[in-house]
Amino acid sequence: MNTTYSFRPFLLISLILFFLIKSSSSIAQSQKNADDLKLWYARAAANWNEALPVGNGRLGAMIFGGVNAERLQLNEETVWTGKDVDFVNPGAKAALPEVRKLLFAGKYAEAQRLAKEKMMGDKKVGSTYQTLGDLLLDFQHSRGDVSNYRRELDIDSAVARVTYIAGNTSYTREIFSSAPDQAILVRLSANKPSSITFNVKLRRPGNKATFSAANNEIIMSEHVGDGVGVKMVAMLKVINEGGTIAFAGDSLRIEKADNVLLLLTAATDYRGGDPLKLAGDQLAELASKNYAEVKKNHIADYQQYFRRVDLNLGASDGSYFPTDARILAMQNGYEDPKLIKLYYQFGRYLLISSSRQGGLPANLQGIWAEGLYPPWGADYHININIQMNYWPSEITNLSELHMPFLQFLKDLLPDARKTARDMYGIKGSVAHFATDPWHFTEPYGEPQWAMWPTAFAWGCQHFWEHYLFTHDKQYLEEFAYPIMKEAAEFCAAWLVENPATKQLVSGPSISPENRFITKNGDTATMVMGPTMDHMIIRDLLSNTIEAAQALKKDVAFAKKLQGILQRLAPTKIGSDGRIMEWVEEFREPEPGHRHISHLFGLYPGRQINKQQTPELLQAARKTIDYRLANGGGHTGWSRAWIINYFARLQDGEAAYENLLALLRKSTLNNLFDNHPPFQIDGNFGATAGITEMLLQSQAGEIQLLPALPKAWKKGYIHGIVARGGFEINLDWENGKLKQVEILSKLGNPATVRYGDKIVTMKTEKGNRYLLNADLQ
Ligand code: FUC
């Protein structure tokens with residue numbers, strides 16, 4: 001791919017023409033409103049993938065912005081069908097030795113058949129995340145009479161706006177989802193009195209919701225999943241200034257108001273309690289408050305997270321154009337550093353808006369999902385996707401927002417213990433490829449994705465990472481370590497000796513969701529000892545040992561884990577120089593497969609690096625190159641992982657090339673990542689990847705600008721975080737470090753590296769240290 005596109009004047013011209021024809025906004029207006037931290041459009045969303053997301057971690061809306069018909073597609077994070085079910089296959093324990101024997105004998109297809117029959121659970125109760133419903137506004141402005149339309153999402157304040165002129169009146173809709181007040185607010189205003197006339201109602205697909213109305217309120221209720229799921233309630237209150245309000249069928253009709261405020265609350269019984277009372281109490285409390293005050297509190301709450309990081313990658317003309325035009329321009333070869341900045345900060349916006357303490361973690365779609373059957377149930381896939389959601393959390397200074405995922409893993413424990421015991425006859429905790437808010441951990445379906453027992457172990461990496469960034473001993477002792485220990489106990493008992501090599505291997509297991517061709521031409525997936533399992537187990541065991549040492553406890557247990565590590569099958573390089581994914585050098589039916597699991601040790605692990613494992617580093621490079629040469633990176637998250645891989649390989653140009661590819665091929669008009677369809681992991685993975693290009697700290701050093709591409713000649717990133725508790729302000733120019741300011745939050749010593757220069761220094765808690773390009 002050609003990465004050195006230069007700006008082409010004809011593109012700018014074609015963009016201008018494109019938008020003069022397509023929209024009613026003028027270029028002059030566009031220029032006036034150019035802003036780095038706004039997604040904006042000169043037209044309403046034509047479909048869901050163009051709508052704009054707001055969220056407070058729990059309550060979300062996708063804003064379409066139609067002039068005559070506004071739609072807010074609503075979500076509440078606990079609107080799930082399903083229930084807690086136990087579906088361990090009781091025959092698994094007995095089949096386990098036989099499956100292992102077959103695999104050791106190279107009888108892959110037979111082993112797989114047996115595992116499917118005897119080890120998979122039968123999940124009879126389906127579960128899926130669902131929409132809460134829609135908030136619909138019907139304005140009936142006279143058609144053809146609208147100008148100066150603009151729809152925007154300001155990610156610096158987490159407020160969305162729709163503005164336009166109809167007739168001679170300017171209209172403004174302002175929309176946000178407040179965390180302090182747990183509600184979505186829509187404020188409608190106009191520059192002339194008595195101008196606001198519309199109908200408003202709630203709706204839910206499936207026609208099973210019930211509605212009631214009184215006191216300018218509409219209440220929508222449903223026991224979702226036909227009674228197998230949560231009971232949900234959404235409540236809307238309309239407060240008008242001026243004009244009249246009355247019920248009209250299933251809607252409220254507002255006529256000739258000066259301003260109107262719509263308040264929306266919602267609740268379910270997922271955590272107990274009466275949803276009607278929960279939503280009702282929130283609504284009553286909010287209704288007594290002053291709008292300006294509520295908005296101010298929302299913005300302050302949001303900005304305490306968002307404004308911790310500031311990024312500048314250089315100027316571009318792009319920010320004068322609507323966001324969809326900028327994506328189009330990127331697709332046509334234009335490079336737009338300000339769009340990359342917007343995309344980066346949008347990733348942080350999405351985490352702040354979908355993952356708040358006390359709530360569920362961000363699912364496959366964060367919290368934003370349409371309809372009753374979103375792809376993959378918008379569930380928690382734990383064989384890459386949800387882990388990727390949390391890759392940016394610590395490094396982009398959103399450490400608290402990591403907690404919903406850590407708490408969720410803790411909440412899996414009762415089920416994870418039961419599955420370890422009943423399925424494998426082993427102590428400790430285990431989970432397989434996916435789960436849901438009812439916390440199932442058993443495998444079901446096809447062994448190709450399900451027969452994979454290291455999901456929980458991978459999740460445990462996040463416990464240790466949170467500690468590395470915060471050095472919070474109390475958290476480690478009381479919360480994280482006991483869980484890591486249980487997962488390590490499972491792995492210790494799970495590994496078996498390979499009779500041929502005497503090494504310890506994990507299995508039966510897969511390399512997530514990849515397949516291989518056996519010598520006799522069968523396609524299979526299961527082996528004894530897929531590389532990824534060993535990388536994950538090595539990571540978990542090493543982290544657990546370090547945690548035990550930090551807490552000065554469990555000396556004997558740590559020694560036992562050390563012994564296991566010494567016997568664990570090592571990562572091997574194949575005859576073609578690539579890291580081996582499985583135990584043998586199989587032929588691959590899909591050599592560009594989206595999962596590149598066997599490089600876990602490169603990222604998010606820390607087992608492969610230049611200093612200690614140069615051969616593996618070279619082999620990792622070959623592995624990625626081969627995947628890419630065979631069409632790899634075709635899903636958004638896969639491309640995002642590749643950016644992180646190249647950042648860790650310290651190849652800024654390749655990381656940048658893949659970042660451009662992500663924006664060009666896997667990004668929707670609203671900047672959502674495209675799997676396809678929309679899946680949020682790629683947004684989060686790319687935000688992590690951009691950070692990894694600029695700062696790394698996994699190898700005991702704070703490494704500055706490890707993968708800075710030529711395209712980012714001058715810029716800065718302020719407020720990102722390194723392990724050990726350091727907040728970093730980095731500035732560069734002419735492609736070289738200019739200065740770095742390090743805030744020591746914990747008083748730990750710091751080793752700082754820039755290229756070949758290294759300096760080690762003592763620091764004092766709360767002090768800032770300014771170093772120049774020579775690290776002096
Ligand atoms: C993993 C991936 C798929 C998809 C799904 C939700 O299993 O292999 O591509 O992202 O999760």
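Whatever order the structure lists ligands and atoms in, that order sets their numbers, starting from 1.
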Numbering the atoms of ligand 1 from 1, which are under 4.0 Å from a heavy atom of W637? 2 (C), 8 (O), 9 (O), 10 (O)
Any heavy atom of L364 under 4.0 Å from ligand 1? The part involved is side chain
Atom 7 (O) of ligand 1: which protein heavy atom is closest, and how many Å away? E513 OE2, 2.1 Å
Within the structure, is a non-hydrogen atom of W449 found at a distance of less than 4.0 Å from ligand 1? no
Is the F408 ring parallel, tilted or perpendicular to the H439 ring (thresholds 30°, 60°)? tilted
Does the side chain of T396 come under 3.5 Å of the side chain of Y344 through a donor N or O and an acceptor N or O? no
N385 near ligand 1, heavy-atom distance under 4.0 Å? yes
Would you call K418 and D86 a salt bridge, taking side-chain N to carboxylate O under 4.0 Å as the test? yes
Under 30°, 30 to 60°, or over 60°: which ring-plane class applies to H402 and Y390, parallel, tilted or perpendicular? parallel
Ligand 1 to H595, heavy atom cutoff 4.0 Å, flagged ligand atoms 1 (C), 2 (C), 8 (O)
Determine whether the side chain, the backbone, both or neither of F433 has a heavy atom under 4.0 Å from any heavy atom of ligand 1. neither
In the protein, what heavy atom is nearest to atom 4 (C) of ligand 1, and what distance, to one decimal place, separates them? H675 NE2, 3.4 Å
Could you label the plane-to-plane angle of the F440 and Y444 rings as parallel, tilted or perpendicular, counting under 30° as parallel and over 60° as perpendicular? perpendicular
Evaluate the ring planes of W48 and F678, with Trp represented by its six-membered ring, and classify them as parallel (under 30°), tilted (30 to 60°) or perpendicular (over 60°). tilted
Evaluate the ring planes of H381 and F433, with Trp represented by its six-membered ring, and classify them as parallel (under 30°), tilted (30 to 60°) or perpendicular (over 60°). perpendicular
Looking only at protein heavy atoms, identify the closest one to atom 10 (O) of ligand 1 and say how far it is in Å. Q679 NE2, 2.8 Å
Ligand 1 contact on N383 by region, counting heavy-atom pairs under 4.0 Å: side chain
Identify the closest protein heavy atom to atom 6 (C) of ligand 1: which residue and atom is it, and at what distance? W376 CD2, 3.5 Å
Minimum heavy-atom distance G377-T128, with the two atoms named: CA-OG1, 3.2 Å
